[in-house]
Protein chains: 2
Amino acid sequence: MSQPDPLKKLAEQLQRLPGIGVKSAQRIAFHVLKTPREEVDRLADAMREVKDRVTYCSTCSNITDVDPCFYCTSPERDVRTICVVEQPENVAGIEKTHGFRGMYHVLMGALSPLHGVGPDDLKIKGLLGRVASGSVEEVILATNPNVEGEATAIYLAKLLKPLGVRVTRIAMGVPVGSDLEYADDVTMTKAMEGRREV
Amino acid sequence: MSQPDPLKKLAEQLQRLPGIGVKSAQRIAFHVLKTPREEVDRLADAMREVKDRVTYCSTCSNITDVDPCFYCTSPERDVRTICVVEQPENVAGIEKTHGFRGMYHVLMGALSPLHGVGPDDLKIKGLLGRVASGSVEEVILATNPNVEGEATAIYLAKLLKPLGVRVTRIAMGVPVGSDLEYADDVTMTKAMEGRREV
């Protein structure tokens, strides 16, 4: 009974968001209370609009507000290379590097028998179709560097290679700017294995 | 152009919340995208409801959805003690200790000439009226332990003492569970000054 119900309810809802704990939820709820009504409306509307207007590209499964998406229709992107990622947010991560000008394909997950995710749950059929269409020369497997991502990459490589396309996997090693002291054994092993001539 | 507009707009709005940076905003926006529509509605509605239903108590200025508030009407609270705080969230902080059973008075800020906040901008008149009404025996000044809070406490003490009421200030010292090594000079000085017989 110590706090008004609407405030408690908002804090509860906020705690469901990723990275928001009890204290942050409380702080944001009090912030909302002090924020002008119009700004609160803008935030609430922005949330609904994401649900209403954002869909998935019928070609690459990336998120988009027009179908097909920006990448799939842009004349400036190189159609000979497809970068395969697990989630739409991975596309944003790669785009930020400004180093890749090819196409994307979002799997919408990774193989994970433990969580009941099999090949049919991923957007694999669409990928094979795009590669079979002929213009693709290289498929870069940029799934996560963990057990599920690695298994997915191996599975896809087996399906893609018979199609006569070059299949590559992003490099794994010690992150730039880090200290070798903190690298775990597996990462260090990958870094050694993947060493290159300087 | 790399991300759909609604997603960008939501991330922008989220960044205005306290403690939410670029990366968290991005993460939450993607989370909203994957969240079922009903849950997004619940969060958006909860925000609006806080603005619509939460008001300030006409007696103590604490936030409430009924006026006068829970504390001001509860027969179980001790009307002889009023704890003065700067913000409604401070009430929640004190209530969590389960150690205080008196009344509250929220100033809605602290004296701050630099930010143009003078005595008339705070809920001081109401506090003096409550104390003058007779039943109050002690006023605990629980304003923040910083320059503004301290100045406000001194100012209030000067106004309250002539009314024949006991005026106290919360203790300042080293926080429990911390390490003396990290205590700043001012805190350490306060801790020494405020030492008590064991």
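Chain letters run A, B, ... following the sequence lines, proteins first, then strands; residues in each count from 1.
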Peer 1: Does one hydrophobic cluster hold both B:Y155 and B:I82, with members joined at side-chain heavy-atom distances below 4.5 Å?
Peer 2: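 As far as the 4.5 Å side-chain criterion goes, B:I82 and B:Y155 are connected within one cluster.
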Peer 1: Could you check if a side-chain atom of A:I28 sits within less than 4.5 angstrom of a side-chain atom of B:I20, using non-hydrogen atoms only?
Peer 2: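 They are in side-chain contact.
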Peer 1: Is any NZ, NE, NH1 or NH2 atom of the basic residue among B:E12 and A:R42 found under 4.0 Å from an Asp or Glu carboxylate oxygen of the other?
Peer 2: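 No.
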Peer 1: Do the side chains of B:L17 and A:L43 get nearer than 4.5 Å, heavy atoms only?
Peer 2: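 Sidechains of B:L17 and A:L43: in contact.
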Peer 1: If hydrophobic clusters are built by linking Ile, Leu, Val, Met, Phe, Trp and Tyr wherever their side-chain heavy atoms come under 4.5 Å apart, do B:V84 and B:F70 end up in the same one?
Peer 2: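 No, separate clusters.
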Peer 1: With a 3.5 Å cut-off and sequence neighbours excluded, list the donor-acceptor pairs that the side chains of residues 110-129 of chain A form with protein atoms.
Peer 2:
| unit_1 | atom_1 | unit_2 | atom_2 | d |
| --- | --- | --- | --- | --- |
| A:S112 | OG | A:H115 | ND1 | 2.8 |
| A:D121 | OD2 | A:G118 | N | 2.8 |

Peer 1: Between A:M103 and A:L160, is there shared hydrophobic-cluster membership here, with clusters defined by ILVMFWY side-chain heavy atoms closer than 4.5 Å?
Peer 2: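 Yes, same cluster.
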Peer 1: Please check if atom CG in B:D185 has more than 12 non-hydrogen atoms from other residues, nucleotides or ligands closer than 6.0 Å.
Peer 2: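 Count not over threshold, so no.
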Peer 1: Could you see if B:V147 belongs to whatever hydrophobic cluster contains B:M172? Use Ile, Leu, Val, Met, Phe, Trp, Tyr and a side-chain cutoff under 4.5 Å.
Peer 2: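 Not linked; separate clusters.
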Peer 1: For A:T35, which atoms come within 4.5 Å of any heavy atom of chain B: side chain, backbone, both, or neither?
Peer 2: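 The backbone, not the side chain.
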Peer 1: Under 4.5 Å from any heavy atom of chain A, what part of B:P88 do you find: side chain, backbone, both or neither?
Peer 2: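 Both backbone and side chain.
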Peer 1: Just so I know, are the side chains of B:V54 and A:D5 near enough to count as touching, which here means a heavy-atom distance under 4.5 Å?
Peer 2: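 No - every pair of side-chain heavy atoms lies 4.5 Å or more apart.
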Peer 1: How far apart are the C-alpha atoms of A:K51 and B:E39, what are their side-chain angles, what is the distance that settles it, and do they pass the salt bridge (charged side-chain N to carboxylate O under 4.0 Å, His left out) test?
Peer 2: CA-CA 11 Å; A:K51 292 303 292 179; B:E39 205 171 310; over 6 Å; no
Peer 1: Is chain B contacted by the side chain of A:Y56, its backbone, both, or neither, given a heavy-atom distance below 4.5 Å?
Peer 2: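 It is the side chain, since no backbone atom gets that close.
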Peer 1: Considering all heavy atoms of both residues, which atom of A:A29 and which atom of B:V50 are nearest to each other, and what is their separation?
Peer 2: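 Nearest heavy atoms, A:A29 then B:V50: O-CG1, 4.5 Å.
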Peer 1: As an exercise, state the distance from CG of B:L33 to CD of A:Q87, rounded to the nearest 0.5 Å.
Peer 2: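 Answer rounded to 0.5 Å: 10.5 Å.
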Peer 1: Is the shortest heavy-atom distance from the side chain of A:E89 to the side chain of B:R27 under 4.5 Å?
Peer 2: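 A:E89 vs B:R27: side chains apart.
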Peer 1: Please name the pair of heavy atoms, one in B:R48 and one in A:V40, separated by the smallest distance, quoted to 0.1 Å.
Peer 2: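 Minimum heavy-atom separation between B:R48 and A:V40: N-CG1, 4.3 Å.
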Peer 1: With clusters defined by side-chain heavy atoms of hydrophobic residues (ILVMFWY) lying less than 4.5 Å apart, directly or transitively, does A:V22 cluster with B:I94?
Peer 2: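 No.
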Peer 1: Under a 4.5 Å heavy-atom cutoff, which of A:S74, A:A46, A:P6 has the most pairs with chain B?
Peer 2: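 Of A:S74, A:A46, A:P6, A:P6 has the most heavy-atom pairs under 4.5 Å with chain B.
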Peer 1: Tell me, for A:L14 versus chain B, whether the close heavy atoms (under 4.5 Å) come from the side chain, the backbone, both or neither.
Peer 2: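 Interface part for A:L14: both.
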Peer 1: For a 4.5 angstrom cut-off between non-hydrogen side-chain atoms, does B:K9 reach A:E49?
Peer 2: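 They are in side-chain contact.
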Peer 1: If you count heavy-atom pairs under 4.5 Å with chain A, which of B:K96, B:K34, B:R53, B:R37 comes out on top?
Peer 2: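 Among the listed options, the one with the most contacts to chain A is B:R37.
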